[in-house]
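Remarks on the structure that follows.
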Amino acid sequence: MASDNPYLAHHNKKNKSGASSRVNTPGPAQGSMSKGGPLHGFMPRNVTGTQARTALEHDENPFTGNPHSAQYKKILEARKKLPVYTQMDEFMRMFSENQVIVMVGETGSGKTTQIPQFVAYSDLPHTKGKMVACTQPRRVAAMSVAKRVADEMDVQLGRHVGYSIRFEDMTEPGTTFLKYMTDGMLLREAMNDPDLQRYSTIILDEAHERTLATDILMGLLKALAKRRKDLKIIIMSATLDAVKFQRYFSLGNDEDGKAPLFKVPGRTFPVDVFYTQEPEPDYVEAAIRTVLMIHRAEDPGDILLFLTGEEEIEDACRKIKIEADDLLSQDSDSVGPISCIPLYSSLPPQQQQRIFDKAPEPRVAGGPPGRKVVVSTNIAETSLTIDGIVYVVDPGFFKQKVYNPRIRVESLLVSPISKASAQQRAGRAGRTRPGKCFRLYTEKDFMKELEEQTYPEILRSNLANTVLELAKLGIKDLVHFDYVDAPAPETLMRALELLNYLAALDDDGNLTALGGMMAEFPLDPQLAKMLIVSPEFKCSNEMLTITAMLSVPNIWVRPQAQRQQADQAKALLTVPGGDHLTLMNVYNHYQNNLHDKNWTWQHYLNSRALQQADNVRAQLQRNMEKFDLPLVSIDNETKLHQAVRESLVCGFFMQIAHKEGEKGGYMTVKDNQAVRLHPSCGLDTSPEWVIFNEFVLTTSPYIRIVTEVRPEWLLKYAPTYFDLTQFKDGETKRALQRVVDRVSNKVSGGSNGRSRVNDEREPKRARRA
DNA sequence: GAGCACTGC
């Protein structure tokens, strides 16, 4: 509490406005406790650069009371050389005078580590029991930056400086005043505390990446800034799209209608950019050619090549290796050896580490030096930095998620990158010394064809989850919410429709009790729904497992050279009744064999993914317990499998396919998409009705992770959705009509006309007629 | 008879 703090002898406790009046340099210490303290006389949010520097140079750590270590002083000297450090006075002034600041700091400016510290020295959150939050789009970044800043501030990580990411809260309540966290984590916190009362300043870092969570947070913070005049907000971005954020955060109280901009130059080496004269018809071929040209003709230095996906990368690596070996055997006097290293996220961490290996040694002592070539997806554009890269080859493409609200499908498309992305890629060549970037497109195309910025995620995603989160956040009017970029109305409509069918929103769009519960689960709404209803089918333990398994990346490993063995191993774990049951089976076997470290490897399973499923399951179980949802199982396997499938229907009744037409053909219900079972599907027959986890559009339309269901359940658990009067004529409708007739003949007077999915959650025995 | 860009809760 402020009153206990010795450093605040002069602080007017009533003054909680950000725009406080300027106060003259405070006089000498009054209270004995503050005498000589490093923060003596500091007025929160009115601290000057000079004052902050005095405290930084002080022998005593103002936050721990301990003397500063030698290490601290050494790091401080390095910090002083960062571009952002030289502008501390300007920043401190701007922070004192404004509620919202937009900051642009290019790579190497030091913004992520320094700005939150500057804020801590001005805001003094520890004196008022508040925290400064700094969000990051990625977990690793939140962790590693927090560690670095803890070192810089000479405190223990997890105490005064900490981080908070899913599965790991490295903070100490009451002590932590500077917290790095993922953007998604802050969004979650907002669901239970819409005013984010525990924070005095919130910094959104890497805002230019425009992740879904950051975009929603910007909307929330803009509204919150009006309710909480004491909250300060900083939007940090690496590119010059800052004007957009400045306008967005104008808050209407300055004459030019823009939030102030704090700009810091980067500190990187110059990179020469080269373009092709003509467009390249085959970018992979051109990329390989360019890599070899660099290898033959350019000075020593490692190469980074950007391609779009695993297959392309593995293929390119093979070809580069073959050609390079050829060169080496023809001309070993002037050409050195090459090592070609693939990089993409699904590689095991151990193989990802290879990008940090040294370039190969010359063939003979004193011979031409070796060269390392890293062939990578976009992962090397933001998530991973490789030092020592001197040459970048940029074909100008990446894979991007796109959402088609009409058919409700997300798919991956190879698309041209943006100018900002091209700039970022080029920058990867200048981290340690001047470099070169070879763009495999023309300068004219760069200028005319490329978008300025990558399309924000909110415009490319299924928003079912987001809309539920917003509803939980108390946003009533989702269509008129103040988005930085508003999503397509059809996308919002699709999300509202789904949530209404799931009974998460009522017909007026208000959040139901069930919806409120669903929002608390870190899951897609369908998964949350089926998990929440599962205790009524007495199979919540099993649904916890299945939900967790559906929330992690592919668990099956299928190496190119051992496909057959992998498929055989998979067959042994397959449950013929459906892929959902197979997932459950795999998890149970995994649990029973935890003592055997080789088990996953021997069964061609991804142990990282299984471990993650275990983590997710534990988290979901805590959520269930929080709502007093019972954790129950059924002993009889047949009954259990049926209960599981009925629970699945309660969440995924909008993802049903009916067998129609030629062999193996299915038609999705209502959307009428012709689909086939994905080749990875483990069903031994082709049942008439199936429920699927996802629809994927790759070489052709497939449904993946498929389980047999009975049509009676569809009518029973989702009567509104399966209201046949709303169905288009066709085979599906006729088949369902036969089921309706059959059921009403058996149970005369049986009702099918209930209007809400939720009204009929009582799991009566569903007999096959 | 195929694939998984990258994140996040």
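For A:K399, the listed nucleotide lying nearest its side chain is B:dA5; candidates were B:dA2, B:dA5, B:dC9. For A:P522, the side-chain atoms get nearest to B:dC9 when compared with the rest of B:dT7, B:dG3, B:dC9. Distance from the side chain of A:P679 is smallest for B:dG1 among the nucleotides B:dG1, B:dC6, B:dG8. Taking only side-chain atoms of A:T377, from C-beta outward, the nucleotide of B:dC9, B:dA2, B:dC6 with the closest atom is B:dC6. Comparing atom distances between the A:R188 side chain and each of B:dA2, B:dC9, B:dA5 picks out B:dC9 as nearest.
Residue A:R138 is in sugar-phosphate contact alone, with no base atom involved, counting any heavy-atom pair closer than 4.0 Å across all strands shown. Nucleic acid contact for A:I165: sugar-phosphate only, since backbone atoms but no base atoms lie under 4.0 Å from a heavy atom of the residue. Note on A:L412: a base of the nucleic acid sits closer than 4.0 angstrom, heavy atoms only. At the heavy-atom level, A:T211 lies nowhere under 4.0 Å from the strands shown. Nucleic acid contact class of A:Y702 (heavy atoms, under 4.0 Å, all strands): sugar-phosphate only.
In terms of position on DNA chain B, the residue among A:Q400 and A:R558 whose nearest nucleotide sits closer to the 5' end is A:R558.
Considering A:I313, A:I288, A:V393 as possible partners of A:V375, the one that fulfils the side chain to side chain contact (heavy atoms under 4.5 Å, CB included) test is A:I313.
Atom CE in A:M185 sits about 19 Å away from atom P in B:dT7, given to the nearest Å. Look at CD on A:E694: it is 11 Å from C1' on B:dG3, rounded to the nearest Å. Taking atom CZ of A:R166 as the reference point, atom P of B:dC9 lies 7 Å away to the nearest angstrom. Atom CG of A:L217 and atom P of B:dG8 are 15 Å apart (whole Å). Rounded to an integer number of Å, the gap from A:K570 NZ to B:dG1 P is 16 Å. Between A:E469 atom CD and B:dC9 atom C1' there is a gap of 7 Å when expressed in whole angstrom units. For the pair A:E410 CD and B:dT7 C1', the computed distance is 13 Å after rounding to whole Å. Rounded to whole Å, atom P of B:dG8 lies 14 Å from atom CG of A:L212.
Remark: A:E457 engages A:K401 in a salt bridge, criterion side-chain N to carboxylate O under 4.0 Å. A salt bridge links A:D485 and A:R210; the closest N-O separation between the charged side-chain nitrogens and carboxylate oxygens is under 4.0 Å.
Between the side chain of A:R210 and the base of B:dG8, no donor-acceptor pair under 3.5 Å is found.
Between B:dC6 and A:S345, a contact under 4.0 Å exists linking OP1 or OP2 to a side-chain N or O. Considering only side-chain N and O atoms, A:T698 lies nowhere under 4.0 angstrom from the phosphate OP1 or OP2 of B:dA2. A sub-4.0 Å separation between OP1 or OP2 of B:dT7 and a side-chain N or O of A:T182 is absent.
Remark: A:S383 pairs with A:R138, A:I379 by the side chain to side chain contact (heavy atoms under 4.5 Å, CB included) rule, at least two apart or across chains. A:R460 is linked by a salt bridge (charged side-chain N to carboxylate O under 4.0 Å, His left out) to nothing, counting only residues two or more places apart in sequence or in another chain.
Residues A:I532 and A:M518 form a side-chain contact, since some pair of their non-hydrogen atoms from C-beta on lies under 4.5 Å apart.
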